[in-house]
Amino acid sequence: MVIVGGGPAGLNAALFLGRCRRSVLVVDAGAPRNARSRWVSGFLTRDGMEPGQLRDLARAEIAEYPSVEFRDGEVTEAGRAEGGFEILLRGGERIRGRKFILAPGLMNDVPDVPGFREFFGRGVYPCPYCDGWEHRDQPVAAFGLGEEVRGMALELTVWTQNVVAVTNGKGQVPEKDRRDLAERGIEIIEEPIAALDGDPEGEGLSRIHFASGRTIERTALFYAFQECRQSPLVEQLGCEMSDKGAVDTRSCEKTNVPGLFVPGDASRRVKFAIVAAAEGAMAAFAANTELLQEDLARSRSGRQQG
């Protein structure tokens, strides 16, 4: 069994499969989506823990199961092979497994705005459910191009009433959206953003500078720019995609490719760490069940032939 990805989905899958005494190799490239985040949110008993600390704790727990092996490295190719799947590691090593759990997560593409990358996870966030609480009752901004901004701006009023909507001078906010925002007292700033200001390694975002020279104090910017990059392995394996650009998964994270499971962010709109972990457990259950059924069928066939 091969698992690619060492985030909550891949780790929880490895934990369950280890408890099933399955031989498992987990390959982790060590580039998680939340690497810049200060904390993991909404994860029962681990709320507020540093992402790296959560991964280290998970690995230590899984180390108690001797059938699970970890390998730090990058998978450059993956495909079907006789008896299951084959992956190619950077460096040339090829590894085969009967089942494949692909849990690479996603990588966020951020808008081409000065400061976005520097403040990502430190004042610039894609998810208010994950980071809204820490900025409750504070001045925040919703970023979106045209009609994208309405939903994020209104959603942020759950945590604070001090919200402005910014569009970076692009797109057109529909009149109905303007009325909806005005009713909640949300100003729309349609000027280009010149820079984000503050201390990304310390207190985080402090203010937003616009091209006109205007500056507003903001402790956070939540953006509705939802472009994310999928792992190239998704395409190599022939996964069907949804109209939202996610891997189209069925029950227990099964894909259209027999024996391939894709739990976690790569296959869902709700990208919470605890949801990814739960999906990893479901994928492990389904993979183990398939292995059991295949072994039973092989054993039955052998008895009949004998």
Side-chain angles (χ1 to χ4, degrees), residues 1-17 22-35 51 55 58-59 62 68-109 226-271 273 275-284 286-288 290-291:
M1 168 80 69
V2 174
I3 298 174
V4 173
L11 291 171
N12 214 28
L15 175 61
F16 273 86
L17 289 166
R22 294 294 182 184
S23 177
V24 179
L25 174 66
V26 182
V27 182
D28 183 10
R33 183 185 182 206
N34 62 358
R55 288 190 293 275
R59 280 200 176 199
I62 297 168
V68 180
E69 177 189 354
F70 281 91
R71 189 83 58 85
D72 293 326
E74 182 184 359
V75 177
T76 58
E77 295 180 16
R80 300 300 302 272
E82 184 178 355
F85 298 86
E86 182 176 82
I87 63 172
L88 175 65
L89 300 183
R90 187 173 298 283
E93 184 179 3
R94 293 186 179 274
I95 300 169
R96 288 193 175 189
R98 291 171 62 188
K99 303 294 177 183
F100 191 179
I101 294 179
L102 178 60
L106 294 169
M107 293 304 294
N108 284 90
D109 283 336
Q226 294 298 330
E227 296 297 325
C228 295
R229 285 176 280 120
Q230 287 278 4
S231 164
L233 303 181
V234 167
E235 182 177 354
Q236 291 177 22
L237 289 160
C239 295
E240 291 180 354
M241 309 297 289
S242 72
D243 57 1
K244 300 293 185 181
V247 177
D248 189 7
T249 54
R250 285 74 164 172
S251 172
C252 292
E253 311 314 308
K254 296 179 182 180
T255 69
N256 62 296
V257 181
L260 173 65
F261 307 84
V262 181
D265 290 355
S267 65
R268 286 291 181 271
R269 181 179 184 273
V270 178
K271 298 175 177 59
V275 172
E279 291 176 356
M282 291 190 291
N288 182 66
E290 287 188 4
L291 288 171

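From a predicted model like this one, the values you see are computed outputs, not experimental measurements.
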K.L.:
Any sub-3.5 Å donor-acceptor pair from T255's side-chain atoms to L260's backbone N or O?
P.N.:
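Yes; at least one donor-acceptor contact below 3.5 Å.
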K.L.:
Side chain to side chain contact (heavy atoms under 4.5 Å, CB included) for M241 and V247? Distances and angles first, verdict last.
P.N.:
CA-CA 5 Å; M241 309 297 289; V247 177; 4.1 Å; yes
K.L.:
Has the side chain of E279 got a donor or acceptor atom that lies under 3.5 Å from a matching backbone atom of G264?
P.N.:
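A pair under 3.5 Å: yes.
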K.L.:
Of all residues at least two apart in sequence or in a different chain, which pass the side chain to side chain contact (heavy atoms under 4.5 Å, CB included) check with S23?
P.N.:
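Residues passing side chain to side chain contact (heavy atoms under 4.5 Å, CB included) with S23: none at all.
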K.L.:
Enumerate donor-acceptor pairs with a distance under 3.5 Å from any side-chain N or O in residues 231-238 to protein atoms, sequence neighbours excluded.
P.N.:
unit_1	atom_1	unit_2	atom_2	d
S231	OG	L233	N	3.1
Q236	OE1	A78	N	2.9
Q236	NE2	T76	O	3.3

K.L.:
Which pair of non-hydrogen atoms, one from E253 and one from A283, has the smallest distance, and what is that distance?
P.N.:
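Scanning both residues completely, I find the closest heavy atoms to be CB-CB, 4.2 Å.
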K.L.:
If the condition is side-chain hydrogen bond (donor to acceptor under 3.5 Å, both in side chains), which residues does D72 pass it with, not counting sequence neighbours?
P.N.:
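With sequence neighbours excluded, D72 shows a side-chain hydrogen bond (donor to acceptor under 3.5 Å, both in side chains) to R59, given in chain and number order.
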K.L.:
What pairs with E240 under salt bridge (charged side-chain N to carboxylate O under 4.0 Å, His left out), at least two apart in sequence or on another chain?
P.N.:
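Partners of E240 under the salt bridge (charged side-chain N to carboxylate O under 4.0 Å, His left out) test: R250.
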K.L.:
Which pairs pass side chain to side chain donor-acceptor pair (under 3.5 Å) with one or both residues in residues 82-95, sequence neighbours excluded?
P.N.:
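Side chain to side chain donor-acceptor pair (under 3.5 Å) check on residues 82-95 returns R71-E93, E74-R90, E86-R94, E86-R96.
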K.L.:
Taking salt bridge (charged side-chain N to carboxylate O under 4.0 Å, His left out) as the definition, give me every residue that meets it alongside R98, ordered by chain and number, with sequence neighbours left out.
P.N.:
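Residues passing salt bridge (charged side-chain N to carboxylate O under 4.0 Å, His left out) with R98: E294, D295.
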K.L.:
Using a 4.5 Å cut-off on heavy atoms from C-beta on, say whether the side chain of V257 contacts that of R80.
P.N.:
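Yes. Closest side-chain heavy atoms under 4.5 Å.
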K.L.:
Would you name the heavy atoms of M282 and C252 that are closest together and state the gap between them?
P.N.:
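Between these two residues, the closest heavy atoms are O-CB, 3.7 Å.
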K.L.:
Which heavy-atom pair separates N256 from P258 by the least distance, and what is that distance?
P.N.:
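Taking every non-hydrogen atom into account, O-CD, 3.4 Å.
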K.L.:
What residue pairs, at least two apart or across chains, pass ring pair (Phe, Tyr, Trp, His ring centres under 6.0 Å) with a residue in residues 70-92?
P.N.:
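Of all non-adjacent pairs touching residues 70-92, those that pass ring pair (Phe, Tyr, Trp, His ring centres under 6.0 Å) are F85-F100.
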K.L.:
Evaluate the side-chain proximity of V75 to L89: yes if any heavy-atom separation is below 4.5 Å, no if none is.
P.N.:
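When only atoms from C-beta onward are counted, V75 and L89 do touch, with a gap below 4.5 Å.
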K.L.:
Less than 4.5 Å apart, side chain to side chain, heavy atoms only: is that true for V68 and L17?
P.N.:
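When only atoms from C-beta onward are counted, L17 and V68 do not touch, as no gap falls below 4.5 Å.
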K.L.:
Please list every donor-acceptor pair under 3.5 Å in which a side-chain atom of residues 6-13 meets a protein atom from a residue at least two apart or in another chain.
P.N.:
unit_1	atom_1	unit_2	atom_2	d
N12	ND2	A277	O	2.8

K.L.:
Considering non-hydrogen atoms only, spot the tightest contact between P263 and L102 and give its length.
P.N.:
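Heavy atoms of P263 and L102 come nearest at CD-O, 3.4 Å.
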